[in-house]
2 protein chains.
Amino acid sequence: MKEGPDISQIAALIGDPARANILTALMAGQALTATELALQAGVTPQTASSHLSKLQLGGLVLMRKQGRHRYFSLSGDDVGAVLENLMQFAASRGLTRVRTGPKDPALRAARVCYNHLAGDMGVTMFDSLAARKLIGIDEDAVRLTEQGRIFVSDLGIELDSLEKIKRPLCRSCLDWSVRRSHLAGTLGTALLDMFYANNWAKREQELRVVTFSRNGRERFNVAFPVS
Amino acid sequence: MKEGPDISQIAALIGDPARANILTALMAGQALTATELALQAGVTPQTASSHLSKLQLGGLVLMRKQGRHRYFSLSGDDVGAVLENLMQFAASRGLTRVRTGPKDPALRAARVCYNHLAGDMGVTMFDSLAARKLIGIDEDAVRLTEQGRIFVSDLGIELDSLEKIKRPLCRSCLDWSVRRSHLAGTLGTALLDMFYANNWAKREQELRVVTFSRNGRERFNVAFPVS
DNA sequence: TTCATACTTCGACCGTAAGCGAAGCATTGG
DNA sequence: CCAATGCTTCGCTTACGGTCGAAGTATGAA
């Protein structure tokens, strides 16, 4: 009847509260089992199973069998981007969940956005890289400069292996809390993994909050100074 | 139950086919009456009325009474951005409407994205401005350079009046068809209006397609050359 | 005033989909 | 082999919301 892609199908998928909860939980980046997701969504395993198969059919999540568990994850960066975009919009209209608990400030400070760092610290990192011309921004594309390549290599990131992956190395992603860009793409993922691996930070149990250790925070400030 | 903004409400609003049709129709940028929208959505006026009040309550559309007509329009650029984002995602998953008519190529070439030019020509314009450093891009923000100010003034656009409006002068917006940036914001709107006013282009009846006249196309190519 | 148009409200109908209990497959562990 | 865990499928109920006919309100035209 009308031209263009069909919005309503995916929107309807996200539009159910239980499914929205599931997707929000998966924004934390880690794959979760069906029962864990049922718990997060506040429904029984049967119901969650039905929702998950619909999400899978719609191409929003991926499933991976492992023993008697089935792990679900978002099917890609683009899903995360759509969700963040919706969150940002919802926040701008004041549509927040009833219980915005004490976690909220921590969530704004540093959180995981699917698989990379978001929140204030994510934005700080992005700005710091941009100010020192370690990354360059043309239009929407973000690229690593020559100095940038050296910099991230010094941080112990193996660019060669990252560039073998089809996903773009750098992408910018918009924050719902700060409304500014932070770094996504394989490099964004690799940096977050590095924070974990070197004990700069760890992820809170089942939540999107990322907490930096005192030492980790100092190292972060050294690595990503604000001008 | 969970932290963060509530996605499901807005997603549910967009998730109904009739409402999605209404919103897609409003992406054309012009305000439409309730009955026109009912026609576009393929439902009776009563049903459309119900949908429209819901959309209004959700903050997605605005209503303005004029005589015995009620004109509806998207409530802001951000709504358009969310919709375009969803379209892009839907297109990437191959979720296109059944009847992708002969208008499709024209739609990709030049169309209206809420209130500014999108499609190939929109991207061309954006690239041309950026290549000649008439606009500068930092992070996600787009700003008009000094040369840029002179350039658009020469095109007959009054920057002073534009800058009195609260909306940002320049914004970048992502295409679902081309997946690259084009220019939004009040300047994007003003440029499109200028195309109309000088008969470079006109909008097709009730559709998002923008057709340039032969003369208009030539002038466009002169104003926004590709490097 | 009367009629027509534009739109909304009301009420009723109906379809779809969310939800859960119970049972059915898998996989692991004893 | 049997029990336990993880998850799905089936069948059923329920309820929410989309839909439209009919009637009601506003605005404009004759």
Side-chain angles (χ1 to χ4, degrees), chain A residues 1-2 6-26 30-73 95 97 206, chain B residues 1-2 6-26 30-73 95 97 206:
Chain A
M1 177 171 290
K2 313 241 27 280
D6 188 7
I7 298 182
S8 68
Q9 289 187 38
I10 356 159
L13 278 176
I14 309 175
D16 177 80
R19 283 194 293 261
N21 283 340
I22 288 176
L23 291 170
T24 311
L26 288 176
Q30 50 188 342
L32 296 173
T33 67
T35 23
E36 283 170 333
L37 288 169
L39 217 63
Q40 290 274 334
V43 292
T44 57
Q46 307 95 291
T47 310
S49 176
S50 149
H51 285 309
L52 285 168
S53 63
K54 279 172 192 169
L55 288 173
Q56 206 180 345
L57 209 69
L60 294 183
V61 305
L62 291 180
M63 194 259 286
R64 174 169 90 240
K65 301 172 76 163
Q66 213 164 88
R68 50 181 165 183
H69 294 279
R70 308 217 161 173
Y71 285 92
F72 291 88
S73 57
L95 288 174
R97 287 245 176 64
E206 303 278 334
Chain B
M1 175 172 291
K2 314 239 29 279
D6 188 6
I7 298 182
S8 68
Q9 288 186 39
I10 358 158
L13 279 175
I14 309 174
D16 177 79
R19 283 194 293 260
N21 283 340
I22 288 175
L23 291 170
T24 310
L26 288 176
Q30 49 189 342
L32 297 173
T33 68
T35 22
E36 284 171 332
L37 288 169
L39 218 62
Q40 290 274 334
V43 291
T44 58
Q46 307 96 293
T47 310
S49 176
S50 149
H51 285 310
L52 285 167
S53 63
K54 280 173 192 168
L55 289 173
Q56 206 179 345
L57 208 70
L60 293 183
V61 305
L62 291 179
M63 194 258 287
R64 171 169 93 241
K65 300 172 76 162
Q66 211 164 90
R68 52 180 163 181
H69 294 279
R70 311 220 159 170
Y71 285 91
F72 291 88
S73 56
L95 288 175
R97 286 245 176 63
E206 303 278 333

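So that the names make sense, note that chain A is the first sequence line, chain B the second, and so on, each numbered from 1.
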Calculate the interatomic distance between [X] atom [atom1] and [N] atom [atom2]; express it in whole Å.
X	N	atom1	atom2	value
A:Glu36	D:dG6	CD	C1'	11 Å
A:Arg64	D:dC7	CZ	C1'	17 Å
B:Lys54	D:dG18	NZ	C1'	7 Å
A:Leu39	D:dG6	CG	P	12 Å
A:Met63	D:dT8	CE	C1'	10 Å
B:Ile14	D:dG17	CD1	P	17 Å
B:Asp16	D:dC16	CG	P	17 Å

Check: A:Thr47/A:Ser50 side-chain N/O donor and acceptor closer than 3.5 Å =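 The answer is no; no qualifying pair exists.
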
How about A:Glu36 and A:Thr33: does a side-chain donor come under 3.5 Å of a side-chain acceptor?
->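 Present: a donor and an acceptor within the cut-off.
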
Min side-chain heavy-atom separation A:Phe72-A:Gln56 under 4.5 Å |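 The answer is yes, as the side chains (C-beta and beyond) meet within the 4.5 Å cut-off.
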
Hey, are the side chains of B:Leu26 and B:Ile22 touching, using non-hydrogen atoms and a 4.5 Å cut-off?
->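 Side-chain contact under 4.5 Å: yes.
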
Are any of [X]'s side-chain N or O atoms less than 4.0 Å away from OP1 or OP2 of [N]?
X	N	result
B:His51	D:dT19	yes
B:Arg19	D:dG18	yes
B:Thr44	D:dT19	no

Taking the nucleotide of DNA chain C with the closest heavy atom to each, which residue, A:Ala18 or A:Lys65, is nearer the 5' end?
->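 Taking each residue's closest nucleotide, the earlier one in sequence belongs to A:Ala18.
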
Select from B:Gln46 and A:Ala34 the residue whose nearest nucleotide in DNA chain D is closer to the 5' end of that strand.
->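 The residue whose closest nucleotide sits nearer the 5' end is A:Ala34.
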
Rounded to the nearest 0.5 Å, how far does CG of A:Leu62 lie from OH of A:Tyr71?
->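 Those atoms lie 15.5 Å apart.
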
Enter the distance from B:Leu60:CG to B:Leu52:CG here, rounded to the nearest 0.5 Å.
->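 One gets 11.0 Å once the value is rounded to the nearest 0.5 Å.
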
Kindly say whether A:Leu13 contributes a backbone atom to a donor-acceptor pair with the side chain of A:Arg19 at under 3.5 angstrom?
->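 Judged by distance alone, yes, a pair lies under 3.5 Å.
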
Just the endpoints, please: which first and last nucleotides of DNA chain C, 5' to 3', lie under 4.0 Å from a heavy atom of chain B?
->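 For DNA chain C, the relevant span reads C:dA4 to C:dT9.
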
Would you mind classifying the nucleic acid contact of A:Thr33 as base, sugar-phosphate or nothing, using non-hydrogen atoms under 4.0 angstrom?
->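 Answer is sugar-phosphate: A:Thr33 comes under 4.0 Å of backbone atoms only.
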
